[in-house]
Amino acid sequence: MLILDTALAKRAAEDRPIRVGLVGAGFMGRGLVNQIVNSTPGMDVVAIANRTVATAVRAYTEAGLEPVEVSTTAQVEAMVATGVPAVLDDAFALLAAENIDVLVDVTGAVEFGARVTVAAIERGLPVVTMNAELDGTVGPLLAHRARAAGVVLTGADGDQPGVQANLLRFVRGIGVTPLVAGNIKGLQDEYRTPTTQQAFAEKWGQDPYMVTSFADGTKVSFEQAIVANAFGFTVGRRGMYGRDHAGHVDELTQSYDVDELRALGGVVDYVVGAKPGPGIYVLGTHDDPKQRHYLNLYKLGEGPLYSFYTPYHLCHFEVPNTIVRAVDFADAALTPPAGAHVDVVATAKQDLRAGHTLDGLGGYDTYGVAESSAATRAENLLPMGVAEHCTLVRDVAKDAVLTYDDVTLPPGRLVDALREEQQKLFA
């Protein structure tokens, strides 16, 4: 990481900051703006697009800046040229600006995020996505398109998938073969709803639907799916192993069947309640007995599994690292190199009746679980990222995984076309 601060320091000294365009100004977006404005010399958030312009204004004013509202690409370019922050409600006018160096998607919206990302790739703009829901639905195809266009599409440092990716690269770099990439959670209850999570959301100034997607397991499923797709891992079973463990993550080295992990080629997983949290862990093996002797000397134990972990994830604080990696070094923190290995499939949170139109992520109707892409294809399972606004054609029982045969899709959605293209491309 030290090379990144050197690159930023050089840019700051040359008065040549990375010019960031941001789409989305919610809880995480506001934190990112504050981080870049007040703690990241060599980088500027030059414009923010948000459907509610007042929210974009708030992101700047909380960081100590006064933006100007604009409406066209030419106006965005004029504001960037004069160093005045711009806000607008049109993401596509923003990403068309020629003096934007990188786009950051902080929306969490699958359909809208797909349209923005496709447009940015076609424009030749690097994209840093904090939209795990989009990545876990059509990320392999979008990454393929980005490579073909010669631009970087990457997940973000700081979020748990990005932290896992950095640790996985480190572990591989010292000669250890990673077999488990894990996410440490504090809560997992598939039946949480925006009603049960309202008080928590209000306390922290967050969206209750987003908070619910964390509590009901949807978010961790998306996060682990994108790690699996980036590193060629799978799931040990539908929903991952997912266990409660009140002890230290080092103790998890005794919880897995190493032969099974090797046969699967590595798995993604999560654990609830482990320490130190809310971080991540990687478990791996080493084939060289001489190096195993050294690992034992360095207090990692006798194996066959060795534990590595990061005790925290700092979300928006680390995203500037990703931006520099993408813009100055063409290095993706996290991106799928080929087709999907794991999908997130929609599962009924309650008994659902024919004729009902499904609500969104973190809602009352469905929760997402991680499943192998092979099973998803074979059973025609409905991805969580396309479930919103689908209409049921028959009853579905609580805890049943929905299939495409259970629903009709809304007409004209880009995400459905992308999903179909992805399935054909990587068949």
Side-chain angles (χ1 to χ4, degrees), residues 110 132-141 155 160-161 164 179-183 185 188-191 213-243 256-257 260-261 263-272 334 336 338-349 352 358 360-363 365-388 390 392 396-407 409 415-416 418-420 422-427:
V110 175
E133 295 80 2
L134 174 64
D135 198 351
T137 305
V138 291
L141 176 65
Q160 282 171 306
Q164 288 175 70
L179 292 176
V180 181
N183 194 318
K185 292 198 65 184
Q188 174 85 357
D189 180 354
E190 290 81 359
Y191 310 117
S213 76
F214 283 90
D216 70 9
T218 300
K219 191 73 170 184
V220 72
S221 297
F222 275 115
E223 290 180 338
Q224 295 310 92
I226 64 179
V227 173
N229 293 339
F231 289 88
F233 287 2
T234 187
V235 290
R237 63 187 182 198
R238 179 175 293 174
M240 299 177 281
Y241 294 122
R243 53 175 61 84
Y256 294 90
D257 183 324
E260 180 180 34
L261 296 176
L264 290 168
V267 302
V268 290
D269 201 7
Y270 70 92
V271 64
V272 179
L334 181 73
H341 292 259
V342 172
D343 287 297
V344 180
V345 294
T347 310
K349 193 176 284 190
L352 301 170
L358 297 173
L361 300 163
D365 292 337
T366 56
Y367 60 91
V369 297
E371 176 58 285
S372 73
S373 296
T376 302
R377 289 191 299 270
E379 300 176 38
N380 203 29
L381 303 179
L382 183 70
M384 188 70 180
V386 306
E388 185 174 7
C390 289
L392 294 167
V396 176
K398 181 179 179 180
D399 292 323
V401 177
L402 282 76
T403 71
Y404 274 103
D405 297 327
D406 293 324
V407 301
L409 302 174
V415 67
D416 297 314
L418 295 175
R419 182 73 189 186
E420 183 178 357
Q422 177 172 289
Q423 296 289 73
K424 291 178 180 178
L425 178 65
F426 298 112

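Sequence positions, counted from 1, serve as the residue numbers for this chain. Since the structure is predicted, the reported quantities are computational estimates derived from the model, not experimental observations.
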Chi angles and distances behind the side chain to side chain contact (heavy atoms under 4.5 Å, CB included) call for Asp406, Leu382: CA-CA 9 Å; Asp406 293 324; Leu382 183 70; over 6 Å; no
Worked verdict on Leu358 versus Leu352 for side chain to side chain contact (heavy atoms under 4.5 Å, CB included): CA-CA 9 Å; Leu358 297 173; Leu352 301 170; 3.8 Å; yes
Residue pair Met240, Val267: steps toward the side chain to side chain contact (heavy atoms under 4.5 Å, CB included) verdict: CA-CA 8 Å; Met240 299 177 281; Val267 302; over 6 Å; no
Stepwise side chain to side chain contact (heavy atoms under 4.5 Å, CB included) check, Tyr404 with Val386: CA-CA 10 Å; Tyr404 274 103; Val386 306; 3.9 Å; yes
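Looking at Ser213, its side chain never comes within 3.5 Å of a backbone N or O of Gly362 through a donor-acceptor pair. At distances below 3.5 Å, at least one donor-acceptor pair connects side-chain atoms of Asn229 with backbone N or O atoms of His341. No side-chain donor-acceptor contact under 3.5 Å links Gln160 to the backbone of Gln224. Formation of a donor-acceptor pair under 3.5 Å by the Glu371 side chain with backbone atoms of Thr376 is not found in this model. Between the Thr366 side chain and the Lys349 main chain, no donor and acceptor come within less than 3.5 Å of each other. Of the possible donor and acceptor atoms, none in the side chain of Asp343 sits under 3.5 Å from a partner among the backbone N and O of Val345. Between the Asp269 side chain and the Gly242 main chain, a donor and an acceptor come within less than 3.5 Å of each other. Of the possible polar contacts, one joining the Lys185 side chain to the Phe214 backbone as a donor-acceptor pair under 3.5 Å is found.
Here the closest non-hydrogen pair linking Ser372 and Thr234 is CB-OG1, 3.9 Å. Here the shortest heavy-atom pairing between Ala370 and Val342 reads CB-CG1, 3.9 Å. Residue Val396 comes nearest to Ala348 through the heavy atom pair CG1-CB, 4.1 Å, listed as atom of the first residue, atom of the second, then distance. Across Val344 and Ala225, no two heavy atoms sit closer than the pair CG2-CB, 3.9 Å. Between Leu141 and Phe426, the shortest heavy-atom contact is N-CE1, 4.1 Å. Of all the heavy atoms in Ala230 and Leu334, the pair that sits closest is CB-CD1, 3.5 Å.
We find the CD-OH distance between Glu260 and Tyr241 to be 3.0 Å, quoted to the nearest 0.5 Å. For the atom pair NZ (Lys219) and CG (Asn183), the distance works out to 11.0 Å, reported to the nearest 0.5 Å. To the nearest 0.5 Å, atom CG of residue Asn380 and atom CG of residue Asp405 are 5.0 Å apart. Distance check, rounded to the nearest 0.5 Å: CG of Asp365 to CG of Leu402 gives 9.5 Å. In this structure, Gln422 CD and Thr137 OG1 are separated by 8.5 Å, a value rounded to the nearest 0.5 Å. Between the OH atom of Tyr367 and the OG1 atom of Thr218 there is a distance of 9.0 Å, given to the nearest 0.5 Å.
A donor and an acceptor atom, one from each side chain of Tyr191 and Asp399, are located under 3.5 Å apart.
The stretch residues 223-233 participates, sequence neighbours left out, in no salt bridge (charged side-chain N to carboxylate O under 4.0 Å, His left out) pair at all.
Not counting sequence neighbours, the partners of Asp416 by the side-chain hydrogen bond (donor to acceptor under 3.5 Å, both in side chains) test are Arg413.
Within the 4.5 Å cutoff, no side-chain heavy atoms of Glu379 are placed close to those of Thr403. Between Pro383 and Arg419, the closest side-chain pair of non-hydrogen atoms falls below 4.5 Å.
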